[in-house]
Amino acid sequence: EGVFGGGDSGAGGGGGGGEGNDPNGQSNEPLYCNKDVIKAMKEAWIRSAIGTVDTEAGFLVYQDKAGKIGTVNLPNTNEFNSIGFYPDKILPSGAKVLALFHTHPTNRSDQPSKTGNRGDKFTAQRLGAPVYVLHRNGLSSIDPSGETNRYLRKNLEWLKKCEVYS
């Protein structure tokens with residue numbers, strides 16, 4: 001579960017959806033197929049001990065003022081089944097959040113959490129951007145309206161490049 005540490009959600013507001021655009025407008029691939037996002041997903045999976053610990057790892061995908069897409073790791077907070085962060089403290093100035101990606105431990109649900117003020121739905125609403133869950137069963141997401149997409153990529157396919165967009 002993602003959670004803001006309180007205060008302002010910062011980051012110049014949210015926005016964005018599941019589709020990413022490169023700065024030259026040459027790609028409409030989903031964010032989870034972007035090579036830099038795949039690299040960041042692999043790194044988050046490693047930081048989470050491949051989902052075997054009860055802490056989470058993740059990162060934000062953002063678009064900077066020049067339109068370039070980037071990623072920034074969330075801090076390692078060692079919280080039980082959660083991860084706290086302040087977007088305005090980790091994003092470049094003026095950056096817009098496009099999505100949050102984070103792991104869920106393999107002994108927990110592979111779906112985004114929908115309840116409480118620390119859940120993935122709440123975080124998606126606060127960010128104004130989708131939240132993706134990385135799990136050994138697959139990649140799933142929830143958008144700010146609460147709509148979920150189960151298994152956008154099954155099992156650990158999300159660790160590999162998307163063939164459709166390569």
Side-chain angles (χ1 to χ4, degrees), residues 1-2 11 13-76 81 83 85 87 90-92 95-114 119-121 123-125 127-166:
E1 298 177 3
E19 303 295 315
N21 297 320
D22 83 15
N24 302 318
Q26 296 175 354
S27 177
N28 264 343
E29 70 185 2
L31 280 175
Y32 57 83
C33 288
N34 176 288
K35 67 179 177 56
D36 294 329
V37 171
I38 292 171
K39 179 181 177 196
M41 287 192 289
K42 289 177 184 177
E43 292 169 358
W45 192 236
I46 291 167
R47 288 194 320 274
S48 76
I50 62 170
T52 61
V53 293
D54 287 329
T55 58
E56 298 181 353
F59 60 96
L60 291 172
V61 180
Y62 66 89
Q63 187 170 35
D64 68 15
K65 290 179 186 178
K68 184 178 182 309
I69 292 176
T71 63
V72 62
N73 289 336
L74 299 180
N76 180 5
N81 289 335
I83 188 166
F85 61 99
I90 60 175
L91 288 172
K96 176 178 148 183
V97 174
L98 299 179
L100 164 71
F101 286 77
H102 72 293
T103 62
H104 274 186
T106 56
N107 64 354
R108 280 204 31 240
S109 172
D110 57 8
Q111 296 301 300
S113 55
K114 294 184 174 185
D120 297 325
K121 179 181 176 184
T123 301
Q125 291 170 337
L127 287 173
V131 170
Y132 291 85
V133 172
L134 311 171
H135 192 276
R136 72 174 174 200
N137 293 342
L139 172 70
S140 300
S141 69
I142 190 164
D143 68 26
S145 74
E147 182 179 334
T148 58
N149 292 297
R150 186 176 176 118
Y151 304 138
L152 296 162
R153 301 197 71 195
K154 294 183 188 218
N155 302 313
L156 295 174
E157 289 175 2
W158 51 267
L159 290 169
K160 303 173 187 169
K161 72 178 184 177
C162 298
E163 296 300 325
V164 147
Y165 298 97
S166 50

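Just the heavy atoms: all of them, side chains too, but no hydrogens, waters or symmetry mates, feed the values below.
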Over all heavy atoms of both residues, which pair between [X] and [Y] is shortest? Give the atoms and the distance, please.
| X | Y | result |
| --- | --- | --- |
| I38 | K160 | CD1-O, 3.6 Å |
| R47 | A57 | CB-CB, 3.8 Å |
| S113 | G119 | OG-CA, 3.3 Å |
| F59 | A44 | CD2-CB, 4.3 Å |
| L98 | A129 | O-CB, 3.5 Å |
| H135 | S109 | CD2-O, 3.8 Å |

Discussion item. Testing V131, T123, L134 one by one against H102 for a side chain to side chain contact (heavy atoms under 4.5 Å, CB included), which residue passes?
Written reply: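 Of all the options given, the one that passes is V131.
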Fill in: Residue that, paired with L100, satisfies side chain to side chain contact (heavy atoms under 4.5 Å, CB included) out of V61, L74, V133
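Looking at V61, L74, V133, the match for L100 under the side chain to side chain contact (heavy atoms under 4.5 Å, CB included) is L74.
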Spacing of [atom1] belonging to [X] relative to [atom2] belonging to [Y], to within rounding of 0.5 Å:
| X | Y | atom1 | atom2 | answer |
| --- | --- | --- | --- | --- |
| K114 | I142 | NZ | CD1 | 5.5 Å |
| D64 | K96 | CG | NZ | 12.0 Å |
| D120 | Q125 | CG | CD | 11.0 Å |
| T103 | R108 | OG1 | CZ | 9.0 Å |
| L31 | I69 | CG | CD1 | 5.5 Å |
| L139 | L159 | CG | CG | 10.0 Å |

Using only atom types and a distance under 3.5 Å, with no angle test, would you say the side chain of [X] pairs donor to acceptor with the backbone of [Y]?
| X | Y | answer |
| --- | --- | --- |
| T71 | L60 | no |
| N155 | E157 | no |
| W158 | L152 | no |

Discussion item. Are E56 and H104 packed together at the side-chain level, in the sense that at least one heavy-atom pair is separated by less than 4.5 angstrom?
Written reply: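 Result yes, sub-4.5 Å side-chain heavy-atom pair found.
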Discussion item. Using side-chain heavy atoms (C-beta onward) and a distance below 4.5 Å, is V72 in contact with L91?
Written reply: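 They are in contact (side-chain heavy atoms under 4.5 Å apart), so the answer is yes.
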Validation: residues 144-151 side-chain donor-acceptor distances under 3.5 Å, sequence neighbours left out:
unit_1	atom_1	unit_2	atom_2	d
S145	OG	D143	OD1	2.6
N149	ND2	S141	OG	3.4
Y151	OH	D110	OD2	2.3

Discussion item. Tell me whether the rings of Y132 and F101 are parallel (<30°), tilted (30 to 60°) or perpendicular (>60°).
Written reply: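 Rings of Y132 and F101: parallel, under 30°.
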Worksheet item: Passes side-chain contact (heavy atoms from CB on, under 4.5 Å), Y62 versus V97? Steps please.
Response: CA-CA 4 Å; Y62 66 89; V97 174; 5.5 Å; no
Discussion item. Does either side chain, that of Q111 or that of S140, offer a donor lying less than 3.5 Å from an acceptor on the other one?
Written reply: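 Judged by distance alone, the side chains do pair up.
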Fill in: Short N-O contact, K161 and E29, less than 4.0 angstrom
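No, K161 and E29 are not salt-bridged.
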